[in-house]
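Written below as structure tokens is the structure these notes are about.
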Amino acid sequence: MKRPAVFFDRDNTLIANSGYLGEPSGVVLIDGAADAVARARRLGFAIVIVSNQSGVARGLFNEEAVQAVNARLDQVLGEANPAAVIDRHEFCPFHPEAVVDRYRQDSDHRKPKPGMILRAARQLALDLHRSWLIGDTARDIDAGAAAGCRTILFQCEKVSASPEAEKKPAVDPDFICSTLAEALDYIQSHLEPEPIEELTDPPPAVDAAGSGSPARPTLENLAEQILHEMKHRNDHALAEFSTSKVVAGIVQILALAVLAYAYFDPAERQTLLLLSIALQTFTTSLLIMGKQK
């Protein structure tokens, strides 16, 4: 069963930073960040950070610095609330006008494109249609919408807005708020039930009377059939020895063993039922051959 996620932008959403942060010592949490992450987890969401980090492409710091800042973020979140755990960090170091050649590209992972969200969804088996993205800029909202998530525009009054925050998203967010607590209130009030997975029925079988009506093979009726055959064989045992009867007895035991194992392996129950049916059919054929001799 796939689980939903809350995708958080990092800078000016979880930490106060309107520029380029390459120093772990500069990590300062937005008010309510740790409690928001912890609350989202209690609601059953995975937590993923998706962050453009063009400071790498601009040569201001390297990817290791980004990872160090993320590690520090994990630490301060845990110190503020032990339940505030990030499941995955995603960041994009690329930029079309990068100073560093290796990072000069228009990457599908750079927001407003949804690449980081889609990659995290593959890695964590996430249900994007029940997921949310919380961010402070238009590109956050557009990336979330492109990935199929619902979106919340976070406009914190206590931090300086970045130039990107002044732009209007191509798609209207589902909600606009000024605190992360409001964002989680809205998410909680719009929770969707988990989708019910349909069980695949075993293939239809013809009933014992040969009428052609579908009959679902169950452990109970299969066991009854096997025991009936064994009792019937004993009641009408013939004195003469035949190889087909010996083989039938062995196959009958195998059918019972497979049937017993099906009780303890729900994941393979359908396959085991079909195998037991095949063995029982083979047993019946052998007994018929024995009687015809």
Side-chain angles (χ1 to χ4, degrees), residues 5-40 47-58 60-61 65-77 79-81 84 86 88-95 109-114 116-117 120 132-147 149-187:
V6 175
F7 296 91
F8 286 93
D9 176 46
R10 194 192 75 177
D11 300 335
N12 274 4
T13 300
L14 290 181
I15 63 176
N17 174 49
S18 299
Y20 302 99
L21 181 59
E23 290 293 332
S25 60
V27 173
V28 177
L29 291 180
I30 294 285
D31 288 347
D35 290 341
V37 171
R39 185 177 171 188
I47 307 299
V48 181
I49 289 179
V50 286
S51 178
N52 286 354
Q53 290 298 319
S54 64
V56 177
R58 299 174 193 275
L60 301 177
F61 44 79
V66 177
Q67 293 165 352
V69 170
N70 289 341
R72 176 58 180 165
L73 172 56
D74 288 338
Q75 182 181 0
V76 297
L77 283 172
E79 291 171 353
N81 189 325
I86 304 298
R88 185 176 179 86
H89 288 272
E90 290 279 353
F91 69 91
C92 177
F94 302 104
H95 193 280
H109 292 92
R110 178 174 170 78
K111 294 179 292 185
K113 295 181 180 180
M116 284 189 286
I117 299 172
W132 296 80
L133 182 138
I134 304 174
D136 69 304
T137 67
R139 62 191 176 195
D140 295 321
I141 302 305
D142 291 339
C149 303
R150 287 168 290 180
T151 59
I152 295 178
L153 181 62
F154 173 54
Q155 299 176 328
C156 183
E157 298 172 353
K158 296 182 179 181
V159 298
S160 300
S162 66
E164 286 292 330
E166 303 298 327
K167 298 179 180 179
K168 182 177 176 56
V171 179
D172 289 336
D174 291 90
F175 184 60
I176 300 175
C177 63
S178 59
T179 69
L180 291 172
E182 291 175 326
L184 268 296
D185 286 342
Y186 188 81
I187 290 174

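Note that the structure is predicted; figures quoted are calculated from it, not measured. FYI, side chains are in, hydrogens and waters are out, and symmetry mates aren't considered; it's all heavy atoms of this structure.
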- Are side-chain heavy atoms of Lys167 and Arg139 found at a separation under 4.5 Å? no

Residues Asn52 and Met116: closest non-hydrogen pair is OD1-CE, 3.6 Å

Residues at least two apart in sequence or cross-chain that pass ring-ring contact (aromatic ring centres under 6.0 Å, His included) with Phe94, listed by chain then number, are Tyr103

Quiz item: Can you tell if the side chain of Glu23 reaches within under 4.5 Å of the side chain of Phe61, non-hydrogen atoms only?
Solution: no

Checklist entry - Would you say Asp140's side chain and Thr137's backbone share a donor-acceptor pair under 3.5 angstrom? => result yes

Taken in chain and number order and not counting sequence neighbours, the residues that satisfy salt bridge (Lys or Arg N to Asp or Glu O under 4.0 Å) with Asp31 are Lys158

Margin query: Strictly distance-based, threshold 3.5 Å: is any side-chain N or O of Asn12 a donor or acceptor partner for the main-chain N or O of Asn17?
Written below: yes

Taken to the nearest 0.5 Å, the spacing of Ile117 CD1 from Lys111 NZ works out to 7.5 Å

Distance col, row Leu73:CG vs Phe8:CZ, nearest 0.5 angstrom, shows 10.5 Å

**Asked** Hey, does the side chain of Asp174 reach the backbone of Thr151 with a donor-acceptor pair shorter than 3.5 angstrom?
**Response** yes

In this structure, CD of Glu157 is separated from CD of Gln155 (nearest 0.5 Å) by 9.0 Å

Output for pair (Leu133 CG, Cys149 SG), nearest 0.5 Å, gives 6.5 Å

| query | Looking just at side-chain N and O atoms, do Gln53 and Ser51 make a donor-acceptor pair shorter than 3.5 Å? | reply | yes

Distance col, row Ile15:CD1 vs Arg10:CZ, nearest 0.5 angstrom, shows 4.5 Å

Minimal heavy-atom distance between Phe7 and Ala120, with the atoms involved, is CE2-CB, 4.1 Å

Next item on the list: Taking the side chain as every heavy atom from C-beta outward, state whether Val37 and Leu14 have any pair of such atoms under 4.5 Å apart.
Entry: yes

Nearest heavy-atom approach of Thr13 to Ile134 is CG2-O, 3.7 Å

Checklist entry - Counting distance only, does the side-chain N/O of Ser54 pair as donor-acceptor with the main-chain N or O of Ala57 below 3.5 Å? => result no

* Once the angle between the rings of Phe175 and Tyr186 is folded into 0 to 90°, is it parallel (under 30°), tilted (30 to 60°) or perpendicular (over 60°)? -> parallel

Inset, instruction - Could you check if a side-chain atom of Phe154 sits within less than 4.5 angstrom of a side-chain atom of Asp9, using non-hydrogen atoms only? - result: no

Sorted by chain and residue number, the salt bridge (Lys or Arg N to Asp or Glu O under 4.0 Å) partners of Arg150 (sequence neighbours excluded) come out as Glu192

Original post:
Does the side chain to side chain contact (heavy atoms under 4.5 Å, CB included) test come out yes or no for Asp136 and Val159, once each step is laid out?
Top reply: CA-CA 11 Å; Asp136 69 304; Val159 298; over 6 Å; no

In terms of heavy-atom contacts, Asn81 and Ala38 come closest through ND2-CB, 3.5 Å

Correct closest heavy-atom pair for Ile141 and Val171 would be CG2-O, 3.4 Å

Here the pair of heavy atoms bringing Arg72 nearest to Glu79 is NH1-OE2, 4.2 Å

One should read off an interatomic distance between Glu182 CD and Ile152 CD1, to the nearest 0.5 angstrom, of 10.0 Å

